[in-house]
Amino acid sequence: MPAHEDKRVGLADAAALVPAGSTLALGGLSLNCSPMAFCRELVRAGVRDLELVAVVNGMGTDWLVGGGCVRRLLMGLTSFEGFGLAPNFRRAAQTKAIEVEEWSEHTLICALQAATAGVPYMPTRAGLGTDMLALHPHRTWEVVDERSGQRFVACGALQPDVAVVHVHEADRRGNARMHPKLVWFDTELVKAAKTVIVTAERIVETDSFRAAPEATAFPSFAVDHVVEAPRGAWPTACWPEYGYDGDFYRAYQQAARDRDAFAAFFAEHVGPLATGAPA
Amino acid sequence: MSDYELDELVVAALAREFPDDTVAFNGAVSFVPVCALMLARATHSPNLVWVAGSIAVDPQPTEIPESTLVSTLWDGATMLQSSVADFWAYAQSGRLNSFCFRGAQMDAHGNVNNTVIGAYDEPKIRLPGGGGMADLGCLVPRIYLWSTTHDTRTFVERLDFRSGLGWGDGGDHRERLGLSGGPVACVTNLAVLDFHPESRRMRLRSVHPGVSVEDVVAATGFELVIEGDVPETPAPSAEEVQLIRTLDPTGARRREFAAAR
(Lines give C-alpha, C1' and ligand atoms only; values in the text may rest on other atoms or scores of the structure.)
Protein backbone atom coordinates (compact mmCIF):
# COMPACT_ATOMS: atom_id res chain seq x y z
CA MET A 1 0.00 0.00 0.00
CA PRO A 2 1.43 3.39 -0.90
CA ALA A 3 2.31 5.59 2.02
CA HIS A 4 -0.14 8.22 3.21
CA GLU A 5 0.62 11.83 2.52
CA ASP A 6 2.76 13.35 5.25
CA LYS A 7 1.48 16.87 5.94
CA ARG A 8 4.14 17.81 8.45
CA VAL A 9 6.11 20.97 7.76
CA GLY A 10 8.47 23.07 9.85
CA LEU A 11 7.35 26.32 11.40
CA ALA A 12 9.29 28.47 8.91
CA ASP A 13 7.89 26.63 5.90
CA ALA A 14 4.40 26.92 7.34
CA ALA A 15 4.83 30.66 7.82
CA ALA A 16 5.84 30.92 4.17
CA LEU A 17 2.34 29.68 3.30
CA VAL A 18 1.06 33.09 4.41
CA PRO A 19 2.26 35.54 1.75
CA ALA A 20 1.93 39.31 2.02
CA GLY A 21 -1.63 40.45 1.46
CA SER A 22 -3.23 37.21 2.68
CA THR A 23 -6.35 37.04 4.78
CA LEU A 24 -5.24 35.11 7.87
CA ALA A 25 -7.58 33.82 10.59
CA LEU A 26 -6.21 33.10 14.07
CA GLY A 27 -7.66 30.45 16.35
CA GLY A 28 -8.08 30.55 20.11
CA LEU A 29 -10.19 32.71 22.36
CA SER A 30 -8.88 35.55 24.50
CA LEU A 31 -6.22 34.06 26.81
CA ASN A 32 -6.91 30.57 25.48
CA CYS A 33 -4.94 28.58 22.93
CA SER A 34 -3.89 30.91 20.14
CA PRO A 35 -1.24 29.66 17.68
CA MET A 36 1.40 31.90 19.24
CA ALA A 37 4.53 30.11 17.96
CA PHE A 38 3.14 30.61 14.47
CA CYS A 39 2.47 34.30 15.13
CA ARG A 40 6.05 34.74 16.34
CA GLU A 41 7.33 33.07 13.18
CA LEU A 42 5.32 35.45 11.01
CA VAL A 43 6.80 38.43 12.85
CA ARG A 44 10.33 37.05 12.41
CA ALA A 45 9.65 36.34 8.75
CA GLY A 46 8.62 39.97 8.32
CA VAL A 47 5.29 39.22 6.64
CA ARG A 48 3.42 42.38 5.65
CA ASP A 49 -0.04 43.61 4.67
CA LEU A 50 -2.06 40.86 6.26
CA GLU A 51 -5.79 41.13 6.61
CA LEU A 52 -6.11 39.53 10.03
CA VAL A 53 -9.32 37.90 11.25
CA ALA A 54 -9.16 37.54 15.04
CA VAL A 55 -12.59 37.10 16.58
CA VAL A 56 -11.75 37.32 20.30
CA ASN A 57 -8.02 37.63 20.66
CA GLY A 58 -5.34 39.61 22.44
CA MET A 59 -1.68 38.68 22.48
CA GLY A 60 -1.64 37.05 19.03
CA THR A 61 -3.12 40.14 17.46
CA ASP A 62 -0.78 42.38 19.45
CA TRP A 63 2.31 40.47 18.29
CA LEU A 64 1.33 40.61 14.62
CA VAL A 65 0.40 44.29 14.84
CA GLY A 66 3.63 45.06 16.73
CA GLY A 67 5.62 43.20 14.11
CA GLY A 68 4.13 45.39 11.40
CA CYS A 69 2.48 42.39 9.75
CA VAL A 70 -1.08 43.72 9.70
CA ARG A 71 -2.73 46.13 7.29
CA ARG A 72 -6.33 45.53 8.33
CA LEU A 73 -7.82 43.84 11.40
CA LEU A 74 -11.28 42.27 11.43
CA MET A 75 -12.13 41.71 15.09
CA GLY A 76 -14.77 41.33 17.71
CA LEU A 77 -12.62 41.99 20.76
CA THR A 78 -8.89 42.68 21.25
CA SER A 79 -8.00 42.66 24.93
CA PHE A 80 -5.70 41.22 27.57
CA GLU A 81 -8.74 41.23 29.90
CA GLY A 82 -7.58 41.66 33.52
CA PHE A 83 -4.06 42.42 32.22
CA GLY A 84 -5.24 45.53 30.41
CA LEU A 85 -5.51 46.78 26.84
CA ALA A 86 -3.36 45.35 24.06
CA PRO A 87 -0.70 48.09 23.66
CA ASN A 88 0.43 47.65 20.04
CA PHE A 89 -3.16 47.27 18.88
CA ARG A 90 -4.25 50.37 20.73
CA ARG A 91 -1.42 52.52 19.50
CA ALA A 92 -1.67 51.31 15.92
CA ALA A 93 -5.41 51.97 15.90
CA GLN A 94 -5.02 55.43 17.40
CA THR A 95 -2.23 56.40 14.98
CA LYS A 96 -4.02 54.74 12.07
CA ALA A 97 -1.04 52.48 11.40
CA ILE A 98 -3.64 49.75 10.87
CA GLU A 99 -7.20 49.79 9.67
CA VAL A 100 -9.52 48.38 12.32
CA GLU A 101 -12.70 46.87 10.95
CA GLU A 102 -14.80 46.16 14.01
CA TRP A 103 -17.30 43.36 13.70
CA SER A 104 -18.79 41.30 16.50
CA GLU A 105 -18.31 37.70 17.49
CA HIS A 106 -21.46 36.32 15.98
CA THR A 107 -21.47 38.37 12.77
CA LEU A 108 -17.91 37.22 12.06
CA ILE A 109 -18.93 33.62 12.67
CA CYS A 110 -21.92 34.07 10.36
CA ALA A 111 -19.65 35.49 7.64
CA LEU A 112 -17.36 32.47 7.95
CA GLN A 113 -20.35 30.12 7.87
CA ALA A 114 -21.59 31.80 4.69
CA ALA A 115 -18.21 31.15 3.06
CA THR A 116 -18.36 27.54 4.23
CA ALA A 117 -21.85 27.08 2.82
CA GLY A 118 -20.98 28.73 -0.46
CA VAL A 119 -23.78 31.29 -0.12
CA PRO A 120 -23.35 35.06 -0.49
CA TYR A 121 -24.38 35.90 3.06
CA MET A 122 -25.70 34.45 6.31
CA PRO A 123 -28.68 36.17 7.96
CA THR A 124 -28.83 36.93 11.68
CA ARG A 125 -30.67 39.20 14.09
CA ALA A 126 -27.35 40.02 15.73
CA GLY A 127 -26.00 43.51 15.14
CA LEU A 128 -29.33 45.21 14.34
CA GLY A 129 -29.49 48.79 15.51
CA THR A 130 -25.75 49.12 16.16
CA ASP A 131 -23.14 51.38 14.58
CA MET A 132 -21.07 48.33 13.62
CA LEU A 133 -22.97 47.70 10.39
CA ALA A 134 -22.12 51.06 8.86
CA LEU A 135 -18.39 50.47 9.33
CA HIS A 136 -18.30 47.88 6.56
CA PRO A 137 -21.46 48.18 4.46
CA HIS A 138 -19.81 46.17 1.69
CA ARG A 139 -19.61 43.19 4.07
CA THR A 140 -22.59 43.59 6.44
CA TRP A 141 -25.88 45.15 5.55
CA GLU A 142 -29.45 45.25 6.75
CA VAL A 143 -32.07 43.32 4.81
CA VAL A 144 -35.86 43.00 5.08
CA ASP A 145 -37.10 39.52 4.29
CA GLU A 146 -39.69 39.68 1.52
CA ARG A 147 -41.97 37.01 2.93
CA SER A 148 -41.95 37.67 6.67
CA GLY A 149 -41.06 41.35 6.71
CA GLN A 150 -38.45 40.52 9.32
CA ARG A 151 -35.33 42.65 9.46
CA PHE A 152 -31.96 40.99 9.67
CA VAL A 153 -28.29 41.58 9.15
CA ALA A 154 -26.69 39.97 6.11
CA CYS A 155 -23.13 38.90 6.92
CA GLY A 156 -21.29 38.67 3.62
CA ALA A 157 -19.25 35.52 3.05
CA LEU A 158 -15.72 35.84 4.42
CA GLN A 159 -13.24 33.22 3.32
CA PRO A 160 -9.81 33.37 4.95
CA ASP A 161 -6.91 32.39 2.71
CA VAL A 162 -5.32 30.65 5.68
CA ALA A 163 -6.59 29.59 9.11
CA VAL A 164 -4.14 28.61 11.84
CA VAL A 165 -5.27 26.79 14.97
CA HIS A 166 -3.38 25.18 17.84
CA VAL A 167 -4.24 21.73 19.24
CA HIS A 168 -2.85 19.21 21.68
CA GLU A 169 -2.21 16.41 19.22
CA ALA A 170 -2.16 15.77 15.49
CA ASP A 171 -0.98 12.95 13.30
CA ARG A 172 1.05 13.35 10.13
CA ARG A 173 -2.09 12.98 8.02
CA GLY A 174 -3.79 15.98 9.64
CA ASN A 175 -6.17 14.46 12.16
CA ALA A 176 -6.20 16.83 15.12
CA ARG A 177 -7.65 16.91 18.62
CA MET A 178 -7.89 18.66 21.94
CA HIS A 179 -8.31 17.01 25.36
CA PRO A 180 -11.00 17.90 26.29
CA LYS A 181 -12.45 18.88 22.96
CA LEU A 182 -12.60 22.68 23.29
CA VAL A 183 -12.42 24.29 19.91
CA TRP A 184 -13.53 27.91 20.56
CA PHE A 185 -14.27 29.45 17.15
CA ASP A 186 -11.65 27.24 15.53
CA THR A 187 -14.20 24.95 13.90
CA GLU A 188 -15.69 27.84 11.95
CA LEU A 189 -12.22 28.98 10.83
CA VAL A 190 -11.15 25.50 9.79
CA LYS A 191 -14.34 24.90 7.83
CA ALA A 192 -14.18 28.22 5.99
CA ALA A 193 -10.52 28.71 5.10
CA LYS A 194 -8.89 27.81 1.79
CA THR A 195 -5.79 26.52 3.57
CA VAL A 196 -5.73 25.12 7.11
CA ILE A 197 -2.58 24.90 9.21
CA VAL A 198 -2.65 23.06 12.53
CA THR A 199 0.11 23.59 15.07
CA ALA A 200 0.23 20.82 17.66
CA GLU A 201 1.88 20.28 21.01
CA ARG A 202 3.01 16.91 19.67
CA ILE A 203 2.63 14.55 16.73
CA VAL A 204 1.12 11.16 17.50
CA GLU A 205 0.40 8.01 15.49
CA THR A 206 -2.86 7.64 13.59
CA ASP A 207 -3.65 4.54 15.63
CA SER A 208 -4.15 6.70 18.72
CA PHE A 209 -6.92 8.54 16.84
CA ARG A 210 -8.50 5.23 15.88
CA ALA A 211 -8.45 4.25 19.56
CA ALA A 212 -10.57 7.30 20.51
CA PRO A 213 -12.25 8.60 17.35
CA GLU A 214 -14.89 10.52 19.34
CA ALA A 215 -12.14 12.83 20.60
CA THR A 216 -11.02 14.00 17.16
CA ALA A 217 -11.79 17.66 16.56
CA PHE A 218 -10.72 18.06 12.93
CA PRO A 219 -10.52 15.29 10.33
CA SER A 220 -7.47 14.81 8.18
CA PHE A 221 -9.22 15.97 5.01
CA ALA A 222 -9.91 19.38 6.62
CA VAL A 223 -6.26 20.01 7.47
CA ASP A 224 -3.60 20.85 4.88
CA HIS A 225 -0.45 21.25 6.99
CA VAL A 226 0.68 20.07 10.41
CA VAL A 227 3.40 21.74 12.45
CA GLU A 228 4.86 20.29 15.62
CA ALA A 229 5.06 23.20 18.06
CA PRO A 230 5.57 22.23 21.72
CA ARG A 231 4.27 24.98 24.01
CA GLY A 232 3.06 26.55 20.79
CA ALA A 233 0.23 28.42 22.51
CA TRP A 234 2.46 30.14 25.09
CA PRO A 235 1.84 32.65 26.64
CA THR A 236 -1.83 31.84 26.08
CA ALA A 237 -3.21 28.72 27.76
CA CYS A 238 -3.27 25.22 26.33
CA TRP A 239 -5.55 23.88 29.03
CA PRO A 240 -5.24 21.57 30.85
CA GLU A 241 -1.58 21.04 29.89
CA TYR A 242 -0.58 24.60 30.75
CA GLY A 243 -2.33 27.76 31.75
CA TYR A 244 -1.85 31.29 30.46
CA ASP A 245 1.40 32.86 31.64
CA GLY A 246 0.26 35.73 33.83
CA ASP A 247 3.84 36.73 34.60
CA PHE A 248 4.49 37.22 30.89
CA TYR A 249 1.38 39.33 30.40
CA ARG A 250 2.40 41.52 33.33
CA ALA A 251 6.01 41.82 32.11
CA TYR A 252 4.78 42.70 28.61
CA GLN A 253 2.56 45.46 29.95
CA GLN A 254 5.33 46.73 32.21
CA ALA A 255 7.77 46.87 29.28
CA ALA A 256 5.18 48.55 27.06
CA ARG A 257 5.33 51.66 29.25
CA ASP A 258 8.71 52.57 27.77
CA ARG A 259 9.36 52.61 24.02
CA ASP A 260 12.99 51.48 24.09
CA ALA A 261 12.48 48.89 26.79
CA PHE A 262 9.55 47.49 24.87
CA ALA A 263 11.48 47.17 21.62
CA ALA A 264 14.13 45.15 23.46
CA PHE A 265 11.52 43.05 25.26
CA PHE A 266 9.62 42.42 22.04
CA ALA A 267 12.80 41.51 20.17
CA GLU A 268 13.74 39.02 22.87
CA HIS A 269 10.36 37.28 23.10
CA VAL A 270 8.77 37.83 19.70
CA GLY A 271 10.79 39.55 16.98
CA PRO A 272 11.61 42.96 15.55
CA LEU A 273 9.16 45.66 16.57
CA ALA A 274 7.98 47.66 13.59
CA THR A 275 8.55 51.41 13.52
CA GLY A 276 5.72 53.28 15.08
CA ALA A 277 4.29 50.24 16.76
CA PRO A 278 5.66 50.40 20.33
CA ALA A 279 3.29 51.56 23.01
CA MET B 1 -19.97 52.35 59.90
CA SER B 2 -20.76 49.30 57.87
CA ASP B 3 -19.55 45.76 57.66
CA TYR B 4 -19.35 45.66 53.89
CA GLU B 5 -17.45 47.31 51.07
CA LEU B 6 -18.86 49.15 48.06
CA ASP B 7 -17.91 46.29 45.72
CA GLU B 8 -19.94 43.92 47.89
CA LEU B 9 -22.94 46.23 47.83
CA VAL B 10 -22.78 46.40 44.01
CA VAL B 11 -22.41 42.62 43.67
CA ALA B 12 -25.33 42.01 46.04
CA ALA B 13 -27.53 44.57 44.29
CA LEU B 14 -26.83 43.03 40.88
CA ALA B 15 -27.37 39.51 42.24
CA ARG B 16 -30.87 40.44 43.45
CA GLU B 17 -31.81 41.25 39.84
CA PHE B 18 -31.38 37.65 38.67
CA PRO B 19 -34.58 35.56 39.00
CA ASP B 20 -34.59 31.81 39.47
CA ASP B 21 -35.18 31.06 35.78
CA THR B 22 -32.04 32.93 34.73
CA VAL B 23 -29.79 31.18 32.22
CA ALA B 24 -26.89 33.58 31.98
CA PHE B 25 -23.44 33.65 30.55
CA ASN B 26 -20.62 36.08 31.09
CA GLY B 27 -18.30 37.88 28.72
CA ALA B 28 -14.73 39.10 29.11
CA VAL B 29 -13.62 41.21 32.09
CA SER B 30 -16.90 40.48 33.89
CA PHE B 31 -15.74 40.06 37.47
CA VAL B 32 -18.74 41.76 39.10
CA PRO B 33 -21.37 39.81 37.12
CA VAL B 34 -19.61 36.48 37.67
CA CYS B 35 -19.57 37.15 41.39
CA ALA B 36 -23.20 38.30 41.34
CA LEU B 37 -24.39 35.26 39.38
CA MET B 38 -22.68 32.93 41.85
CA LEU B 39 -24.21 34.85 44.75
CA ALA B 40 -27.72 34.73 43.28
CA ARG B 41 -27.36 30.98 42.71
CA ALA B 42 -26.23 30.51 46.31
CA THR B 43 -29.12 32.54 47.73
CA HIS B 44 -32.51 33.31 46.19
CA SER B 45 -32.12 31.65 42.75
CA PRO B 46 -30.94 28.05 43.24
CA ASN B 47 -32.03 27.05 39.73
CA LEU B 48 -30.09 29.82 38.04
CA VAL B 49 -27.72 28.39 35.44
CA TRP B 50 -24.52 30.25 34.77
CA VAL B 51 -22.43 29.37 31.72
CA ALA B 52 -18.89 30.57 32.33
CA GLY B 53 -17.46 32.36 29.33
CA SER B 54 -19.78 30.53 26.91
CA ILE B 55 -17.88 27.30 27.69
CA ALA B 56 -18.58 25.77 31.13
CA VAL B 57 -22.15 25.02 32.18
CA ASP B 58 -23.01 25.49 35.88
CA PRO B 59 -19.42 25.46 37.20
CA GLN B 60 -18.38 25.60 40.86
CA PRO B 61 -15.07 27.50 40.79
CA THR B 62 -13.16 28.16 43.98
CA GLU B 63 -11.81 31.51 42.83
CA ILE B 64 -12.05 34.08 40.04
CA PRO B 65 -8.84 34.63 37.98
CA GLU B 66 -7.54 37.56 35.86
CA SER B 67 -9.84 36.65 33.00
CA THR B 68 -13.49 35.63 33.07
CA LEU B 69 -13.00 33.46 29.97
CA VAL B 70 -10.46 30.94 31.31
CA SER B 71 -10.31 27.48 32.82
CA THR B 72 -10.08 28.47 36.48
CA LEU B 73 -13.80 29.24 36.22
CA TRP B 74 -14.70 25.85 34.75
CA ASP B 75 -14.11 23.62 37.77
CA GLY B 76 -17.06 21.41 38.62
CA ALA B 77 -19.00 22.22 35.44
CA THR B 78 -21.72 19.83 34.28
CA MET B 79 -20.64 20.37 30.66
CA LEU B 80 -17.90 21.97 28.64
CA GLN B 81 -19.41 23.20 25.40
CA SER B 82 -16.86 22.13 22.84
CA SER B 83 -17.62 24.81 20.29
CA VAL B 84 -18.57 28.43 20.82
CA ALA B 85 -20.97 28.04 17.88
CA ASP B 86 -23.07 25.68 20.04
CA PHE B 87 -23.37 28.42 22.60
CA TRP B 88 -24.45 30.90 19.93
CA ALA B 89 -27.20 28.53 18.84
CA TYR B 90 -28.70 28.61 22.34
CA ALA B 91 -28.32 32.38 22.51
CA GLN B 92 -30.23 32.70 19.23
CA SER B 93 -32.99 30.30 20.22
CA GLY B 94 -33.58 32.05 23.54
CA ARG B 95 -32.58 29.19 25.84
CA LEU B 96 -29.82 31.42 27.13
CA ASN B 97 -31.82 34.40 28.35
CA SER B 98 -29.52 36.76 30.24
CA PHE B 99 -26.29 38.68 29.73
CA CYS B 100 -24.47 41.51 31.51
CA PHE B 101 -22.94 44.50 29.72
CA ARG B 102 -20.59 47.18 30.79
CA GLY B 103 -19.30 49.93 28.57
CA ALA B 104 -16.91 52.84 28.61
CA GLN B 105 -20.04 54.86 27.77
CA MET B 106 -23.75 54.22 28.30
CA ASP B 107 -26.71 56.34 27.26
CA ALA B 108 -30.19 56.93 28.66
CA HIS B 109 -31.63 53.97 26.75
CA GLY B 110 -29.00 51.53 27.95
CA ASN B 111 -27.05 51.41 24.70
CA VAL B 112 -23.35 50.78 25.28
CA ASN B 113 -20.03 51.84 23.73
CA ASN B 114 -16.90 49.77 24.19
CA THR B 115 -15.33 50.56 20.81
CA VAL B 116 -13.81 54.05 20.68
CA ILE B 117 -13.75 57.37 22.51
CA GLY B 118 -13.84 60.05 19.83
CA ALA B 119 -14.61 59.51 16.16
CA TYR B 120 -14.26 55.94 14.90
CA ASP B 121 -11.76 56.94 12.22
CA GLU B 122 -9.86 59.33 14.52
CA PRO B 123 -10.09 57.62 17.89
CA LYS B 124 -8.86 59.48 20.91
CA ILE B 125 -8.91 56.16 22.75
CA ARG B 126 -9.22 52.83 21.02
CA LEU B 127 -11.12 50.52 23.36
CA PRO B 128 -11.03 46.69 23.17
CA GLY B 129 -14.15 46.46 21.03
CA GLY B 130 -17.70 45.29 21.45
CA GLY B 131 -16.92 41.57 21.34
CA GLY B 132 -20.32 39.91 21.52
CA MET B 133 -22.18 43.04 22.59
CA ALA B 134 -23.57 43.85 19.16
CA ASP B 135 -24.91 40.31 19.01
CA LEU B 136 -26.17 39.71 22.51
CA GLY B 137 -27.84 43.09 22.83
CA CYS B 138 -30.11 41.91 20.02
CA LEU B 139 -30.43 38.20 20.76
CA VAL B 140 -30.80 38.04 24.54
CA PRO B 141 -34.09 39.17 26.10
CA ARG B 142 -32.70 40.18 29.52
CA ILE B 143 -29.77 42.56 29.50
CA TYR B 144 -28.24 43.73 32.76
CA LEU B 145 -25.92 46.70 32.80
CA TRP B 146 -23.36 47.49 35.41
CA SER B 147 -20.80 50.23 35.94
CA THR B 148 -18.21 50.96 38.57
CA THR B 149 -17.62 54.45 37.16
CA HIS B 150 -20.91 56.28 37.44
CA ASP B 151 -19.88 59.73 36.20
CA THR B 152 -20.66 62.08 33.32
CA ARG B 153 -17.89 60.57 31.20
CA THR B 154 -19.51 57.15 31.35
CA PHE B 155 -23.20 58.09 31.45
CA VAL B 156 -23.46 60.31 28.40
CA GLU B 157 -26.20 61.94 26.37
CA ARG B 158 -24.73 60.63 23.14
CA LEU B 159 -22.46 57.64 22.63
CA ASP B 160 -19.37 58.05 20.48
CA PHE B 161 -20.21 54.62 19.05
CA ARG B 162 -23.10 52.24 19.63
CA SER B 163 -21.38 48.88 20.12
CA GLY B 164 -24.27 47.16 21.85
CA LEU B 165 -28.00 47.75 21.53
CA GLY B 166 -30.04 48.45 24.63
CA TRP B 167 -33.46 50.00 24.10
CA GLY B 168 -32.10 51.69 20.94
CA ASP B 169 -33.74 55.03 20.38
CA GLY B 170 -36.27 54.21 23.12
CA GLY B 171 -40.00 53.54 23.01
CA ASP B 172 -40.80 50.62 20.71
CA HIS B 173 -37.53 50.71 18.78
CA ARG B 174 -36.59 47.14 19.68
CA GLU B 175 -40.00 45.85 18.67
CA ARG B 176 -39.68 47.61 15.35
CA LEU B 177 -36.38 45.83 14.83
CA GLY B 178 -38.11 42.53 15.62
CA LEU B 179 -36.21 42.05 18.87
CA SER B 180 -37.62 40.87 22.18
CA GLY B 181 -36.83 42.07 25.69
CA GLY B 182 -34.14 44.63 26.43
CA PRO B 183 -32.18 46.06 29.32
CA VAL B 184 -33.75 45.25 32.68
CA ALA B 185 -31.60 47.17 35.15
CA CYS B 186 -28.34 49.02 35.58
CA VAL B 187 -26.38 48.66 38.81
CA THR B 188 -23.64 51.21 39.43
CA ASN B 189 -21.33 52.30 42.22
CA LEU B 190 -23.91 54.98 43.13
CA ALA B 191 -27.37 53.62 42.41
CA VAL B 192 -29.68 51.01 40.94
CA LEU B 193 -31.55 52.10 37.84
CA ASP B 194 -34.18 50.54 35.63
CA PHE B 195 -36.05 51.69 32.55
CA HIS B 196 -39.37 53.53 32.22
CA PRO B 197 -41.79 51.04 30.61
CA GLU B 198 -42.87 53.42 27.85
CA SER B 199 -40.03 55.81 27.08
CA ARG B 200 -37.43 53.16 27.95
CA ARG B 201 -35.28 55.87 29.54
CA MET B 202 -33.14 55.11 32.54
CA ARG B 203 -35.05 55.58 35.79
CA LEU B 204 -33.54 55.97 39.24
CA ARG B 205 -34.80 53.11 41.37
CA SER B 206 -32.62 53.40 44.47
CA VAL B 207 -29.56 55.25 45.69
CA HIS B 208 -26.82 53.49 47.63
CA PRO B 209 -26.35 54.32 51.32
CA GLY B 210 -24.57 57.67 51.67
CA VAL B 211 -25.45 58.74 48.10
CA SER B 212 -28.13 61.38 47.42
CA VAL B 213 -30.43 61.69 44.45
CA GLU B 214 -28.60 64.94 43.65
CA ASP B 215 -25.28 63.07 43.60
CA VAL B 216 -26.61 60.65 41.01
CA VAL B 217 -28.16 63.40 38.90
CA ALA B 218 -24.86 65.31 38.94
CA ALA B 219 -22.94 62.18 37.94
CA THR B 220 -25.23 61.42 35.00
CA GLY B 221 -24.81 63.15 31.66
CA PHE B 222 -28.44 62.73 30.61
CA GLU B 223 -31.78 63.40 32.25
CA LEU B 224 -32.91 60.55 34.48
CA VAL B 225 -36.50 59.58 35.07
CA ILE B 226 -37.17 60.20 38.77
CA GLU B 227 -40.57 59.29 40.17
CA GLY B 228 -41.46 60.26 43.74
CA ASP B 229 -39.22 59.45 46.66
CA VAL B 230 -36.23 57.35 45.72
CA PRO B 231 -35.51 54.67 48.32
CA GLU B 232 -32.11 53.57 49.54
CA THR B 233 -30.51 50.44 48.06
CA PRO B 234 -30.70 47.73 50.71
CA ALA B 235 -27.32 46.98 52.21
CA PRO B 236 -26.04 43.45 51.67
CA SER B 237 -26.88 41.11 54.51
CA ALA B 238 -24.17 39.59 56.66
CA GLU B 239 -24.84 36.28 54.90
CA GLU B 240 -24.46 37.86 51.45
CA VAL B 241 -21.20 39.55 52.45
CA GLN B 242 -19.84 36.31 53.84
CA LEU B 243 -20.84 34.42 50.69
CA ILE B 244 -19.26 37.01 48.38
CA ARG B 245 -15.99 36.76 50.28
CA THR B 246 -16.14 32.95 50.07
CA LEU B 247 -17.09 32.82 46.38
CA ASP B 248 -14.47 35.38 45.39
CA PRO B 249 -11.74 34.88 48.00
CA THR B 250 -9.05 36.79 46.07
CA GLY B 251 -11.29 39.82 45.52
CA ALA B 252 -11.28 39.69 41.71
CA ARG B 253 -14.44 41.85 41.82
CA ARG B 254 -12.33 44.72 43.13
CA ARG B 255 -10.30 44.79 39.88
CA GLU B 256 -13.12 46.73 38.33
CA PHE B 257 -13.21 49.20 41.17
CA ALA B 258 -9.43 49.65 41.21
CA ALA B 259 -9.73 50.84 37.62
CA ALA B 260 -12.39 53.38 38.61
CA ARG B 261 -11.31 56.86 37.71
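Both the backbone and the side chain of A/Val100 come within contact range of chain B, judged by heavy atoms closer than 4.5 Å. Proximity to chain A (any heavy atom under 4.5 Å) is restricted, for B/Gln81, to the backbone atoms N, CA, C and O. The parts of A/Thr107 that come within reach of chain B are both its backbone and its side chain, each placing non-hydrogen atoms under 4.5 angstrom from that chain. Within the 4.5 angstrom heavy-atom criterion, atoms from both the backbone and the side chain of A/Trp184 approach chain B. If you measure heavy-atom distances from B/Thr68 to chain A, the contacts under 4.5 Å come from both the backbone and the side chain. Of the atoms belonging to A/Glu102, heavy atoms from both backbone and side chain fall under 4.5 Å from chain B. Contacts between A/Leu85 and chain B at a heavy-atom distance below 4.5 Å involve the side chain alone, from C-beta outward. For A/Ala93, the parts lying under 4.5 angstrom from a heavy atom of chain B are both the backbone and the side chain. For B/Ile125, the parts lying under 4.5 angstrom from a heavy atom of chain A are both the backbone and the side chain. Looking at B/Phe161, both its backbone and its side chain come within 4.5 Å of chain A, counting heavy atoms on both sides. Using a 4.5 Å cut-off between heavy atoms, A/Ile109 contacts chain B through its side chain alone, with no backbone atom that close. Contacts between B/Asp121 and chain A at a heavy-atom distance below 4.5 Å involve the backbone alone (N, CA, C, O). The contact between B/Leu179 and chain A is made entirely by side chain atoms (from C-beta outward), counting heavy-atom distances below 4.5 Å.
Within a 6.0 Å radius of OH in B/Tyr90, other residues, nucleotides and ligands contribute 12 heavy atoms or fewer.
Put simply, of A/Gly246, A/Gly129, A/Ser79, the one with the most heavy-atom pairs under 4.5 Å next to chain B is A/Gly129. In terms of non-hydrogen atom pairs under 4.5 Å with chain A, the most contact-rich of B/Gln92, B/Arg174, B/His173, B/Glu122 is B/Gln92. In terms of non-hydrogen atom pairs under 4.5 Å with chain A, the most contact-rich of B/Gly131, B/Ser54, B/Ala134, B/Gly130 is B/Gly131. Residue with the most contacts toward chain A among B/Ala85, B/Gly178, B/Ser71: B/Ser71 (heavy-atom pairs, distance under 4.5 Å). Here B/Pro128 is the residue among B/Gly27, B/Pro128, B/Gly129 with the most heavy-atom pairs under 4.5 Å with chain A. Chain B forms more heavy-atom pairs under 4.5 Å with one residue of A/Phe89, A/Phe152, A/Tyr249, A/Trp103 than with any other, namely A/Phe89. Ranking A/Leu182, A/Leu108, A/Thr187 against chain B, the residue ahead of the rest is A/Leu182, based on heavy-atom pairs under 4.5 Å. The residue among A/Leu133, A/Val55, A/Thr130 with the most heavy atom pairs within less than 4.5 Å of chain B is A/Thr130. Highest contact tally toward chain B, considering only A/Met132, A/Glu188, A/Gln150, A/Lys96, is held by A/Lys96 [criterion: heavy-atom pairs under 4.5 Å].
Cation-pi check for A/Arg231 over A/Tyr242 is met; the charged atom lies under 6.0 angstrom from the ring centroid and within 45 degrees of its normal. With B/Phe195 as the aromatic partner, B/Arg201 does not meet the cation-pi criteria of under 6.0 angstrom to the ring centre and within 45 degrees of the ring axis.
With hydrogens and angles ignored, the 3.5 Å screen pairs a side-chain donor or acceptor of B/Asp135 with a backbone N or O of A/His106. Between the side chain of B/Thr115 and the backbone N or O of B/Ser163 there is no donor-acceptor pair closer than 3.5 Å. Using a distance-only test at 3.5 Å, with no hydrogens or angles considered, no donor-acceptor pair links the side chain of A/Asn32 to the main chain of A/Thr236.
Checked for salt-bridge contact, B/Arg254 and B/Glu5 miss the test: no charged N lies under 4.0 Å from a carboxylate O. Of the charged side-chain nitrogens involved, none lies within less than 4.0 Å of a carboxylate oxygen, so that A/Arg71 and A/Glu99 do not count as a salt-bridged pair. With salt bridges taken as basic N to acidic carboxylate O contacts below 4.0 Å, none links A/Glu214 and A/Lys181.
A/Asn57 and A/Ser34 share a side-chain donor-acceptor pair at under 3.5 Å. A/Arg90 and A/Gln94 are linked by a side-chain donor-acceptor pair at a separation below 3.5 angstrom, with hydrogens and angles left out of the test.
The aromatic ring centres of A/Tyr252 and A/Phe80 sit less than 6.0 Å apart. For A/Tyr244 and A/Trp234, the ring centers sit 6.0 Å or farther from each other.
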